[in-house]
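Within every chain, numbering begins at 1; the chains are lettered A, B, ... in the order of the sequence lines, protein sequences first and strands thereafter.
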Number of protein chains: 2
Amino acid sequence: MSDGLARTLFALSDTNRLKIVELLKRGPLPVGEIAAQLRLNQPQTSKHLKVLLEADIVRIEPAANRRIYHLRTEPFQGLTAWSQSFEQQMVSRMTRLEGYLEQMQDTVNPKE
Amino acid sequence: MSDGLARTLFALSDTNRLKIVELLKRGPLPVGEIAAQLRLNQPQTSKHLKVLLEADIVRIEPAANRRIYHLRTEPFQGLTAWSQSFEQQMVSRMTRLEGYLEQMQDTVNPKE
DNA sequence: TTGGAATATTCCTTTTGGGGTATATATAAA
DNA sequence: TTTATATATACCCCAAAAGGAATATTCCAA
């Protein structure tokens, strides 16, 4: 329930930031390239990148007077783990429910 | 925000909604129970549930004058798949990069 | 040192989101 | 019917977010 997850999700919940992340999936890029490819203007690109940076979704690698943005892997691993825990939990609840229903039916209509 | 994934992420990006989801993970509940357990008042609970509903994260099962909210599994499966695709992509990029660096070194300092 | 390119930041405006309170709706029971 | 309970919605207010334009900063090169 740690609030870091909400921050990660929030950072990813904006369409433009989502596009940035999808773009960086193909490889690291400087701000100007991101802005050009997504047809955003530079200041907004920097602002969105700041949100992603503060959510630890990207990191910066300075190169000359450019700043290359890289995706981090950790938040995605965390997101996967969290999301998977739901699938598991829900499946196991369903399995228990099925078992319970079987038992009910056996009670009503017992096998000999 | 017509993007389905962004909508899912947004719905999950609020702490209270995240708490609701974590609560429903343990099993379906009516609105009043959710509000009571999380110490939210009822209208906000309904509003948050509406957001989750429109993001297809929950579904409603009416029972008498109550409405039981259930988690759906699909969005979590989708989220897991999406998130995993990042891990895979990034790892494979890194592997290719390592290969490239090796090749560079062989060029500079060739083995016999 | 000056100039230029890349990026970050500031200021402003508009929109959106979340909380609070009151009210409407629906369903069940009497 | 009327009443009670559970839930949804409407309205208002405030804080936060996103976009645009201008400016500041940083770094490199000449």
Please answer whether the main-chain N or O of [Y] pairs with a side-chain N or O of [X] as donor and acceptor at a distance below 3.5 Å.
X	Y	value
B/Arg17	B/Ala11	yes
B/Ser83	A/Phe76	yes
A/Asp14	A/Asn16	yes

Nearest-neighbour nucleotide for the B/Asn41 side chain, C/dG17, C/dT7, C/dG20 considered: C/dG20

Pairwise 5' ranking along DNA chain D for A/Ala64 and A/Asn16, keeping only the more 5' one: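 Nearest-nucleotide comparison on DNA chain D picks A/Asn16.
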
Heavy atom of residues 42-59 of chain B under 4.0 Å from DNA chain C: which residues?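 Within this stretch, B/Pro43, B/Gln44, B/Lys47, B/His48 sit under 4.0 Å of the strand.
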
Would you kindly give the [atom1]-to-[atom2] distance between [X] and [N], to the nearest whole Å?
X	N	atom1	atom2	value
B/Arg39	C/dG19	CZ	P	17 Å
B/Leu12	C/dG18	CG	P	12 Å
A/Asp14	C/dG17	CG	C1'	14 Å
A/Phe10	D/dA17	CZ	C1'	6 Å
B/Glu33	D/dT5	CD	P	16 Å
B/Arg66	D/dA8	CZ	C1'	16 Å
B/Leu29	D/dT7	CG	C1'	15 Å
A/Ile60	D/dC27	CD1	P	12 Å

Donor/acceptor link under 3.5 angstrom from B/Asn65 side chain onto base of D/dT5: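 Pair found.
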
When B/Tyr69 is tested against each of B/Ile57, B/Leu29, B/Val31 for side chain to side chain contact (heavy atoms under 4.5 Å, CB included), which residue passes?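 For B/Tyr69, the side chain to side chain contact (heavy atoms under 4.5 Å, CB included) check succeeds only for B/Val31.
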
Taking only the side-chain nitrogens and oxygens of B/Tyr69, find out if one of them lies under 4.0 Å from OP1 or OP2 of D/dA6.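 No, B/Tyr69 has no side-chain N/O under 4.0 Å of OP1/OP2 on D/dA6.
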
If the cut-off is 4.0 Å, is B/Arg67 near the phosphate of C/dT27, judged by side-chain N/O to OP1 or OP2?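 False: B/Arg67 side-chain N/O out of range (4.0 Å or more) of C/dT27 OP1/OP2.
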
What I'd like to find out is whether the side chain of A/Val58 reaches to under 4.5 Å of the side chain of A/Ile20, using heavy atoms alone. no

Is the count of non-hydrogen atoms from other residues, nucleotides or ligands lying under 6.0 Å from A/Arg7 atom CZ greater than 12? no

Pairing donors with acceptors under 3.5 angstrom, does anything connect the side chains of A/Gln84 and A/Gln88?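 No.
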
